[in-house]
Colleague: 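Take this structure, written in structure tokens, and hold onto it; I'll ask about it next.
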Amino acid sequence: MESRILSVTLLCLTLSGVGALQVNIPKDIYEFARGDNITLPCTFVPSGKPSLVVITWTLEGIKADSKENLILTHYSHSAQTDITPLFEGRVSLDVDVAKGKGDLKISSISLADNKVFECRVQIPGDDEGKRVDTARLVVLVAPSVPICKIQGKAEYGQNINLTCVSEEGSPTPKYSWTSHDVRNVQRAFAPRTTTNGGMLSLFNLTKDTSGYYVCTSTNKIRSASCNLTVSVMPPSMNIGSTAGIIGGVVFCLIILVIIIVCCCRYKKKKEQEQYAMGVREEGYSDKEPARNGEGHKPDGQEDAGEYDNVSPTDRRDRYEDRSERDYDDRRSDYDDRRSDYDDRRRDYDDRRSDYDDRRDRYSDRNDRYDDDRRYDDRRDRRYDDDRYADERDRPPVPASKPPRDDYDD
Ligand SMILES: *[C@@H]1O[C@H](CO)[C@@H](O)[C@H](O)[C@H]1NC(C)=O
Ligand SMILES: *[C@@H]1O[C@H](CO)[C@@H](O)[C@H](O)[C@H]1NC(C)=O
Ligand SMILES: *[C@@H]1O[C@H](CO)[C@@H](O)[C@H](O)[C@H]1NC(C)=O
Ligand SMILES: *[C@@H]1O[C@H](CO)[C@@H](O)[C@H](O)[C@H]1NC(C)=O
């Protein structure tokens with residue numbers, strides 16, 4: 001207030017022609033954005049017609065006449081401006097002595113230029129009045145483009161926070177959000193929506209929450225914005241739960257496969273055990289007919305003679321009946337037949353002498369048939385057992401299959 005009254009008084013004095021130098025910087029504070037090219041104005045009114053004017057710009061001096069704070073000096077008589085090396089290339093003086101103008105121009109200001117600047121005018125013989133004025137330069141930083149993020153899951157019924165932060169900005173930016181629907185038309189927020197600084201909180205999401213959310217970061221000098229797309233999904237569409245379901249199905253399938261494999265193994269093992277038992281029980285008597293069967297071909301003619309007393313069709317029918325019987329049925333009957341078999345075995349021992357004769361004939365071929373082969377032919381052997389039961393009174397039949405081949409031929 002006081003200084004204003006003083007200024008008015010001085011202006012009146014000047015206008016009235018009562019002489020005293022008046023130097024003035026119109027504003028106390030100048031605000032510009034970092035990087036801008038700026039002008040700090042300085043005016044002066046001499047008391048008379050000066051022969052020499054010296055204009056000096058300094059940073060507000062800690063020490064008077066300190067070279068450290070000197071920016072430039074202008075001498076009117078030679079129209080020369082001396083710029084200190086520190087500011088060379090960055091500053092210039094826009095001077096017009098006749099009009100009382102000596103403005104300082106600074107290009108591309110930085111945060112380091114946040115200082116008090118002083119304009120001093122010296123006129124020989126004019127040392128009354130106000131010879132110096134100062135102003136503060138405030139360098140502002142525009143908000144950097146903010147970063148928008150979503151906190152939480154954008155699913156029906158969930159709450160989410162949208163955050164918005166500019167890393168730079170001086171003074172500190174303020175944030176505002178707008179909501180746009182999927183056709184990019186701006187709309188009002190849902191009633192429960194809240195904002196706190198750069199954070200927008202959305203509650204109990206629905207399909208209608210989806211859209212674009214734009215945050216604008218603003219300070220005195222400029223603004224910048226970011227744009228977030230929110231698409232609210234039903235919880236089941238969530239990638240995690242979908243993966244979980246797929247994983248579960250795959251797991252169940254694997255378990256199923258393991259169970260099936262185990263069952264098959266177990267069944268197979270059981271069958272093998274039973275076969276093994278069967279082979280052990282049948283012992284020698286079982287092997288003999290099998291060998292006959294296998295070795296039939298070369299001796300086919302010879303063996304055929306032994307069937308003379310059975311009609312070929314009879315034998316063939318019997319064979320086919322047996323073939324059609326289910327294998328498992330035969331297995332279940334096996335124990336019953338075994339008791340019969342013990343009886344038959346006694347009969348068989350009688351026939352054994354006959355076998356011994358034939359054994360001599362086939363002994364040279366025995367080596368050709370290994371144990372595995374015998375296993376594979378268990379079926380045939382079993383037919384042979386049956387054959388013995390049916391044909392107990394007849395001469396032994398070498399094998400079930402060969403006779404059939406013969407008759408088919
Ligand atoms: C500042 O001036 C320089 C030339 O001195 C120019 O290249 C630059 O673009 C100007 N900057 C602004 C923000 O006007
Ligand atoms: C959202 O912000 C509020 C307040 O900071 C917090 O309590 C809440 O847990 C946040 N929600 C999510 C989903 O991050
Ligand atoms: C969320 O919204 C649904 C309808 O859109 C409503 O039925 C439910 O009560 C709301 N839940 C909360 C916690 O507000
Ligand atoms: C937000 O982004 C979307 C897609 O990128 C665009 O269509 C929309 O115009 C943007 N909205 C604003 C306000 O920038």
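What you are looking at is a predicted structure, and each value in this text was computed from that prediction instead of being measured.
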Colleague: Grab the two heavy atoms, one from K27 and one from A135, that are nearest each other, plus how far apart they are.
Modeller: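 The pair with the smallest heavy-atom distance is O-CB, 3.4 Å.
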Colleague: Check for a donor-acceptor pair, side chain of D126 on one end and backbone N or O of S47 on the other, with a separation under 3.5 Å.
Modeller: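 Side chain of D126 to backbone of S47, a donor-acceptor pair under 3.5 Å: yes, one is there.
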Colleague: What do the steps show when you test I38 against L137 for side chain to side chain contact (heavy atoms under 4.5 Å, CB included), and what is the final call?
Modeller: CA-CA 10 Å; I38 65 157; L137 174 62; 3.7 Å; yes
Colleague: Working note: L202 + T193, criterion side chain to side chain contact (heavy atoms under 4.5 Å, CB included); need CA distance, chi angles, decisive distance, verdict.
Modeller: CA-CA 5 Å; L202 301 169; T193 307; 3.7 Å; yes
Colleague: Just wondering, do V232 and K207 contact through their side chains at under 4.5 Å, heavy atoms?
Modeller: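 Result no, sub-4.5 Å side-chain heavy-atom pair not found.
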Colleague: Just by distance, do the side chain of S144 and the backbone of E168 share a donor-acceptor pair under 3.5 Å?
Modeller: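 Yes, because the side chain of S144 sits within donor-acceptor range (under 3.5 Å) of the backbone of E168.
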Colleague: Of the non-hydrogen atoms in S166 and V145, which two are nearest, and what is the gap between them?
Modeller: OG-C, 4.3 Å
Colleague: Do E31 and I221 touch side chain to side chain, with heavy atoms closer than 4.5 Å?
Modeller: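 No - every pair of side-chain heavy atoms lies 4.5 Å or more apart.
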Colleague: Side chain to side chain donor-acceptor pair (under 3.5 Å), that's the test. Do D103 and T39 meet it? Break it down for me.
Modeller: CA-CA 6 Å; D103 299 350; T39 299; over 6 Å; no
Colleague: Are the side chain of D82 and the backbone of L72 linked by a donor-acceptor contact shorter than 3.5 Å?
Modeller: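 Flag not set: sc D82 to bb L72 has no pair under 3.5 Å.
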Colleague: Kindly indicate whether the side chain of T216, heavy atoms from C-beta on, has any atom under 4.5 Å from the side chain of T178.
Modeller: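 Counting from C-beta outward, T216 and T178 never come under 4.5 Å.
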Colleague: Before giving the answer on disulfide bond (SG atoms under 2.5 Å apart), spell out for C226 and C164 the whole-Å C-alpha distance, their side-chain angles and the decisive distance to 0.1 Å.
Modeller: CA-CA 8 Å; C226 55; C164 174; 4.0 Å; no
Colleague: Restricting to non-hydrogen atoms, name the atom on P46 and the atom on L21 that form the minimum distance, rounded to 0.1 Å.
Modeller: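 In terms of heavy atoms, the two residues are closest at CA-CD1, 3.8 Å.
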Colleague: Can you confirm whether D94 sits close enough to K101 that some side-chain heavy atom of one is under 4.5 Å from a side-chain heavy atom of the other?
Modeller: yes
Colleague: Hey, which of T58, T134, N69 is the one that makes side chain to side chain donor-acceptor pair (under 3.5 Å) with E118?
Modeller: T58
Colleague: Could you go step by step and tell me if V132 and V23 meet the side chain to side chain contact (heavy atoms under 4.5 Å, CB included) rule?
Modeller: CA-CA 6 Å; V132 175; V23 175; 5.9 Å; no
Colleague: Taking side chain as C-beta onward, heavy atoms only, is I25 less than 4.5 Å from F117?
Modeller: no
Colleague: Drop me the distance from N24's CG to C42's SG, to the nearest 0.5 angstrom.
Modeller: 7.5 Å
Colleague: Can you tell me how far the CG atom of L200 sits from the CD1 atom of I150, to the nearest 0.5 Å?
Modeller: 10.5 Å
Colleague: Take F32 and D113, measure what side chain to side chain contact (heavy atoms under 4.5 Å, CB included) needs, and give me the verdict at the end.
Modeller: CA-CA 10 Å; F32 292 103; D113 296 319; over 6 Å; no
Colleague: Quick check: do R131 and V121 have side-chain heavy atoms less than 4.5 Å from each other?
Modeller: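 A side-chain contact is absent here, since even the closest heavy-atom pair is not under 4.5 Å.
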Colleague: R187 and D208: salt bridge (Lys or Arg N to Asp or Glu O under 4.0 Å), yes or no, with the steps?
Modeller: CA-CA 11 Å; R187 63 185 172 186; D208 295 333; over 6 Å; no
Colleague: So for atom CG, which belongs to N196, do other residues, nucleotides or ligands contribute more than 12 heavy atoms lying within a distance under 6.0 Å?
Modeller: no
Colleague: Would you call the rings of H77 and Y75 parallel, tilted or perpendicular if under 30° counts as parallel and over 60° as perpendicular?
Modeller: perpendicular
Colleague: Which heavy atom of N219 sits nearest to which heavy atom of P143, and what is that distance?
Modeller: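 The pair with the smallest heavy-atom distance is OD1-CD, 3.4 Å.
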Colleague: Would you say that Y212 contacts T229 through its side chain, given a criterion of any heavy-atom pair below 4.5 Å between the two side chains?
Modeller: yes
Colleague: Which value, rounded to the nearest 0.5 Å, describes the distance between W57 atom CH2 and T81 atom OG1?
Modeller: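 One gets 13.0 Å once the value is rounded to the nearest 0.5 Å.
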Colleague: Just wondering, are more than 12 heavy atoms of other shown residues or ligands nearer than 6.0 Å to CG in N37?
Modeller: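 Yes, CG of N37 has more than 12 neighbouring heavy atoms, counting only those of other groups under 6.0 Å.
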Colleague: Taking all non-hydrogen atoms of both residues into account, name the closest pair between F87 and L59 and its distance.
Modeller: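 Smallest heavy-atom distance, with atoms named: CZ-CD1, 4.0 Å.
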Colleague: Drop me the distance from I255's CD1 to I260's CD1, to the nearest 0.5 angstrom.
Modeller: 12.0 Å
Colleague: A side-chain contact here means heavy atoms from C-beta on lying under 4.5 Å apart; do Y30 and P41 qualify?
Modeller: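 Yes, close enough: below the 4.5 Å cut-off.
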Colleague: Looking at NE2 of H180 and CG of N227, how far apart are the two atoms once the value is rounded to the nearest 0.5 Å?
Modeller: 7.5 Å
Colleague: Would you find a donor on one side and an acceptor on the other, under 3.5 Å apart, between the side chain of W177 and the backbone of G198?
Modeller: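 Yes, W177 side chain to G198 backbone: donor-acceptor pair under 3.5 Å.
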Colleague: Going from CG on L70 to CD1 on I83, what distance comes out if it is rounded to the nearest 0.5 angstrom?
Modeller: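 Answer for the CG-CD1 pair, L70 versus I83, is 10.5 Å.
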Colleague: Evaluate whether atom CD of E167 has more than 12 neighbouring non-hydrogen atoms of other residues, nucleotides or ligands under 6.0 angstrom away.
Modeller: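 Atom CD in E167 is not packed in, count stays at 12 or less.
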Colleague: Of all the heavy-atom pairs spanning V139 and N114, show the shortest one and how long it is.
Modeller: N-OD1, 3.2 Å
Colleague: For C215 and C148: C-alpha separation, side-chain torsions, deciding distance, then whether disulfide bond (SG atoms under 2.5 Å apart) applies.
Modeller: CA-CA 7 Å; C215 169; C148 290; 5.1 Å; no
